[in-house]
Participant: 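Got a structure for you, written out below as structure tokens; questions coming shortly.
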Amino acid sequence: MDKLIITGGAQLNGEVRISGAKNSALPILAATLLASEPVTVCNLPHLHDITTMLELVRRMGVELTVDEKLSVEVDPRTLRETHAPYELVKTMRASILVLGPLLAHFGEARVSLPGGCAIGSRPVDQHIRGLEAMGAEVEVTGGYIHARSNGRLKGAPVFFDMVTVTGTENVLMAATLAEGQTIIENAAREPEVVDLAECLIAMGADISGHGTDTIVVNGVEKLHGCTYSVLPDRIETGTYLAAVAATGGRIKVKNTRPDTLDAVLQKFREAGAEVETGADWITLDMKGKRAQAVNITTAPYPAFPTDMQAQFAAVNIVAEGVGKVKETVFENRFMHMQEMIRMGANVTIDGNTAVIEGVEKLQGAPVMATDLRASASLVIAALVADGETTIDRIYHIDRGYECIEEKLQLLGARIRRVPG
Ligand code: EPZ
């Protein structure tokens with residue numbers, strides 16, 4: 001298993017170009033299964049999870065043509081199977097996103113149930129209930145979800161018990177080919193849901209209200225092909241801002257969408273950073289100062305994202321003062337705190353709240369990544385620690401950060417990967 005070795009202490013300064021958003025690209029690749037013509041998806045990030053999604057649709061018989069810039073043309077007309085096997089789903093929970101498209105377009109789907117996960121139990125009951133409301137017959141046996149529909153799905157009101165991002169995406173995709181109107185209430189408002197809806201509209205879907213908590217879909221008989229470019233990654237953006245803020249440096253982030261990061265930029269300003277934005281760029285300047293500790297509560301968009309909680313915790317850990325971090329989306333998303341405590345962080349955990357008393361310095365140590373964003377937070381902690389930190393199980397980071405060593409090296413970080 002590869003490891004990252006980081007020698008801390010360098011102030012990061014410079015420019016970074018942001019990749020396409022993983023959590024937009026995954027549902028958009030699944031949505032191509034709804035079309036009756038080839039769909040070309042551009043600005044795909046070069047990540048393990050994207051390769052897994054491409055492999056998943058390829059195994060269904062779908063033809064893929066990849067160009068050198070990783071634009072992928074997906075031709076769903078060659079689909080032979082409507083099966084998502086356990087061996088792929090177990091490596092990536094987002095495989096569940098093929099359930100709605102397969103069912104709506106081909107009338108059946110057999111998708112392995114994703115298991116538990118390091119950050120929480122993460123059930124998919126809301127996905128299943130939503131599809132059942134649209135007339136699907138769903139049976140869960142032998143670790144698989146078997147879904148069938150007798151003819152087209154029927155548009156229906158769908159009310160989610162909690163805000164679920166991939167649940168909203170699955171039902172939204174299924175509704176585009178259903179007969180009649182679907183109204184999704186308590187829908188997720190995340191920019192990735194909006195991006196998916198915009199791609200579906202480019203394919204000929206009739207959708208309104210995306211970006212609000214009520215999405216209205218009037219089903220159409222067919223969706224056509226299109227070329228669509230994935231939104232820039234707001235979490236990758238926030239992660240580089242956090243890394244630079246923790247080291248007291250200055251960064252210009254390019255090819256991004258500042259309007260998807262309001263809550264996060266607000267927290268950086270509270271922490272003492274000077275933040276400026278343009279249409280597709282952000283600059284952040286800490287002017288060599290230590291950040292001020294800030295309080296954070298994660299919640300669905302437009303509130304502070306759970307996917308930035310770990311990285312901001314790493315900023316608080318070396319900040320001045322006491323910051324409280326409350327995680328309300330997942331029940332077990334503090335594993336990184338234990339590793340940072342091993343590096344000298346002062347953290348007390350009480351249920352879903354971590355009270356962090358900033359320390360002036362961390363010490364390098366061998367640590368272990370437990371999930372994608374936890375690994376990013378350990379990289380940030382290592383960048384400000386004295387001495388060398390070795391981060392094990394780094395495969396997590398390759399699921400969500402394109403060329404992370406190269407991008408950090410360009411900012412002045414001393415980071416290298418060693419094959420394990
Ligand atoms: C998406 O996961 C993202 N993944 C996650 O990104 C992100 O952390 C999460 O949304 C929250 O923003 C993708 O988009 C591929 P949820 P998702 O359904 O959709 C509960 C990353 O690091 N719930 O919005 O799986 C669930 O347990 C990742 O890039 C049910 O109880 O998350 C959780 O507590 C990790 N039943 C809450 O809802 C359901 O049927 C929100 O989860 C569905 C969800």
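Since we're looking at a predicted model, the values are computed, not measured. When a residue number appears, it is its place in the shown sequence, counting from 1. Both ligands and their constituent atoms are indexed starting at 1 by order of listing.
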Participant: Strictly distance-based, threshold 3.5 Å: is any side-chain N or O of Arg189 a donor or acceptor partner for the main-chain N or O of Pro300?
Facilitator: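 Not at all, since once roles are kept as given, no pair shorter than 3.5 Å links the two residues.
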Participant: Classify the ring geometry of Phe312 against Phe268: parallel below 30°, tilted from 30° to 60°, perpendicular beyond 60°.
Facilitator: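 Rings of Phe312 and Phe268: tilted, 30 to 60°.
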Participant: Compare all side-chain heavy atoms of Phe330 with those of Thr306 and state whether any distance is below 4.5 angstrom.
Facilitator: yes
Participant: Taking Lys254 for its side chain and Lys252 for its backbone only, find out whether a donor-acceptor pair lies under 3.5 Å.
Facilitator: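 Side chain of Lys254 to backbone of Lys252, a donor-acceptor pair under 3.5 Å: no, none is there.
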Participant: Looking only at side chains, do His127 and Asn170 share a donor and an acceptor under 3.5 Å apart?
Facilitator: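 Yes, side-chain donor-acceptor contact under 3.5 Å.
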Participant: Filter the ligand 1-protein atom pairs down to N or O on both sides and distance under 3.5 Å, then list them.
Facilitator:
| residue | atom | partner | partner atom | Å |
| --- | --- | --- | --- | --- |
| ligand 1 | 2 (O) | Arg122 | NH2 | 3.2 |
| ligand 1 | 6 (O) | Asn23 | ND2 | 3.2 |
| ligand 1 | 6 (O) | Asp307 | OD2 | 3.0 |
| ligand 1 | 8 (O) | Asp307 | OD1 | 2.6 |
| ligand 1 | 8 (O) | Asp307 | OD2 | 3.4 |
| ligand 1 | 18 (O) | Thr164 | OG1 | 2.7 |
| ligand 1 | 19 (O) | Thr166 | N | 2.8 |
| ligand 1 | 19 (O) | Thr166 | OG1 | 2.6 |
| ligand 1 | 22 (O) | Arg333 | NH2 | 3.4 |
| ligand 1 | 22 (O) | Arg373 | NE | 2.9 |
| ligand 1 | 24 (O) | Val165 | N | 2.8 |
| ligand 1 | 25 (O) | Arg122 | NH2 | 2.9 |
| ligand 1 | 29 (O) | Lys22 | NZ | 3.0 |
| ligand 1 | 29 (O) | Asn23 | ND2 | 3.1 |
| ligand 1 | 29 (O) | Arg373 | NH2 | 2.7 |
| ligand 1 | 34 (O) | Val329 | O | 2.6 |
| ligand 1 | 36 (N) | Pro123 | O | 3.3 |
| ligand 1 | 36 (N) | Asp125 | OD1 | 2.8 |
| ligand 1 | 40 (O) | Pro123 | O | 3.2 |
| ligand 1 | 40 (O) | Asp125 | N | 3.1 |
| ligand 1 | 40 (O) | Asp125 | OD1 | 3.2 |
| ligand 1 | 40 (O) | Gln126 | N | 2.7 |

Participant: May I ask you to check whether His146 and Glu137 show a side-chain donor-acceptor distance below 3.5 Å?
Facilitator: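 No - no donor-acceptor pair under 3.5 Å links their side chains.
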